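Order of the sequence lines fixes the chain letters, A, B, ..., with proteins taken first and strands second; residue numbering starts at 1 for each chain. None of these values were measured; they are calculated from a predicted model.
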Number of protein chains: 2
Amino acid sequence: MDSKLKIKYQMRAELIKALAHPTRLFIVDELAKESKCVCELTEMIGDDMSTISKHLSILKSAGIIESEKRGTQVYYKLKMQCVLNFFMCVETMIQEHLKEQMKIIEGKGKS
Amino acid sequence: MDSKLKIKYQMRAELIKALAHPTRLFIVDELAKESKCVCELTEMIGDDMSTISKHLSILKSAGIIESEKRGTQVYYKLKMQCVLNFFMCVETMIQEHLKEQMKIIEGKGKS
DNA sequence: CCATAATTTGCCTTATTTGCCAAATATGAC
DNA sequence: GTCATATTTGGCAAATAAGGCAAATTATGG
C-alpha cells in the first residue's frame with residue numbers, strides 16, 4: 001500500500017481506537033449531556049481515578065473531548081459532536097446483527 | 001456502573017474495535033467502492049493472505065461487511081453504509097486537531 | 001509555609017491484538 | 001480420483017493496551 005495512504009488510515013485508526021473502549025464510550029455519552037469533572041466520572045464508573053484520568057487523556061489527545069480547569073478540578077466536555085451520529089449508526093448495526101443471529105438460531109433445526 | 005449499561009457499551013466497543021485498525025479501514029473504504037475477493041485485497045495491501053482473511057473475518061463478525069462465495073473465491077462487500085458518514089466525521093476531527101496542534105507549535109515562542 | 005483535595009504520571013503485571021508460517025479446508029478442472 | 005488455486009484456521013512470538021497502586025503535581029484555604 002502507498003505510504004501516504006498508509007498514514008491516512010493509521011491516523012483514522014488512532015482516532016477510532018480512542019473510542020474503542022466501553023468506559024470511554026460511556027464517558028463520551030455522559031459528556032455529551034453536560035461537562036463533568038474527573039471525580040464525578042470516577043464516582044459514576046467506579047474504577048480507580050487514575051484509570052479514568054487515563055481514559056480522559058486518551059480521548060483528549062484524540063481531539064474528541066476538551067478540558068477546562070476550574071480551581072482544583074478539571075472539567076471535560078465533548079468537542080466532536082459528530083461522534084454521536086456514529087453511535088446511532090453503531091446501535092443500528094448492533095440491532096440488525098442481533099436480529100440476523102436470532103434468525104440463524106431459530107432456523108437451526110432444518111437440515 | 002449498572003450491568004445493563006455496561007453490556008450496552010461493551011457491545012458498542014466490540015463493534016468499534018472492529019474498525020480500529022488501519023488495514024481494516026482501508027478494506028472498508030475499498031469495499032464501499034465495489035465488492036472484492038480476498039486475493040484482490042491481499043494484492044492491494046501486500047500482507048499475507050491469512051492476515052487479510054483474519055481482518056475480513058473480524059469485520060464480518062461485527063456485521064460491517066458480508067461475504068458471498070463465487071466458485072473458489074470469496075467476495076466481500078460493505079454492509080453498513082453508515083460507517084462512511086462516520087469516516088467523514090473522523091476526517092474532520094483529524095484536520096481540526098492538526099490545525100490546533102500547528103497553532104500550538106507556532107505560538108510556542110511566547111512565555 | 002502547611003495541609004488537603006483533585007488530578008496526573010510512572011511503574012508494573014496481566015490481558016489482548018497482531019501478523020506470520022504452516023497446516024487444513026473447499027472448490028473447480030482434468 | 002489427483003492437482004492447482006483460493007481461503008480459512010491454529011499456533012506462536014512480538015507488540016500494544018488496560019488497570020491498579022503509589023508517588024508526583026497542582027491549586028486552594030488556612
Tell me: [atom1] of [X] to [atom2] of [N], nearest whole Å?
| X | N | atom1 | atom2 | answer |
| --- | --- | --- | --- | --- |
| Gln73(B) | dA4(D) | CD | P | 18 Å |
| Ile45(A) | dA18(D) | CD1 | C1' | 14 Å |
| Glu40(B) | dT7(D) | CD | P | 9 Å |
| Leu56(A) | dT8(C) | CG | P | 7 Å |
| Lys36(B) | dA6(D) | NZ | P | 17 Å |
| Ile27(A) | dT7(C) | CD1 | P | 12 Å |

Treating primed atoms plus P, OP1 and OP2 as sugar-phosphate and everything else as base, which nucleotides of nucleotides 25-30 of chain D get B, S or - for protein heavy atoms under 4.0 Å? -SSS--

Scan nucleotides 14-23 of chain C nucleotide by nucleotide, 5' to 3', and note B when protein non-hydrogen atoms come under 4.0 Å of the base, S if they reach only the sugar-phosphate, - if neither. ---SSSBBB-

Lys17(B): what forms a side-chain hydrogen bond (donor to acceptor under 3.5 Å, both in side chains) with it, not counting sequence neighbours?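 None.
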
Side-chain ion pair, Lys99(A) and Glu96(A), N-O less than 4.0 Å: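 Salt bridge flag = no for Glu96(A) with Lys99(A).
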
Answer yes or no: is there an ion pair linking Arg12(A) with Asp29(B), defined by an N-O contact shorter than 4.0 Å? yes

Hey, does Thr42(B) have a side-chain heavy atom less than 4.5 Å from the side chain of Thr51(B)?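 No, every pair of side-chain atoms sits at 4.5 Å or beyond.
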
Side chains of Lys77(B) and Ile65(B): closer than 4.5 Å at any heavy-atom pair? no

Could you give all pairs that pass the ring pair (Phe, Tyr, Trp, His ring centres under 6.0 Å) test and reach residues 70-100 of chain B, with sequence neighbours left out? Phe86(A)-Phe86(B)

Please collect all disulfide bond (SG atoms under 2.5 Å apart) contacts where either partner lies in residues 52-97 of chain A, sequence neighbours excluded, each pair once.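 Non-adjacent pairs meeting disulfide bond (SG atoms under 2.5 Å apart): Cys82(A)-Cys89(B), Cys89(A)-Cys82(B).
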
Enumerate the disulfide bond (SG atoms under 2.5 Å apart) contacts for residues 28-77 of chain A, please, sequence neighbours excluded, ordered by first and then second residue. none

So what does Tyr76(B) hit on the nucleic acid, given a heavy-atom distance under 4.0 Å: a base, only sugar-phosphate, or nothing? sugar-phosphate

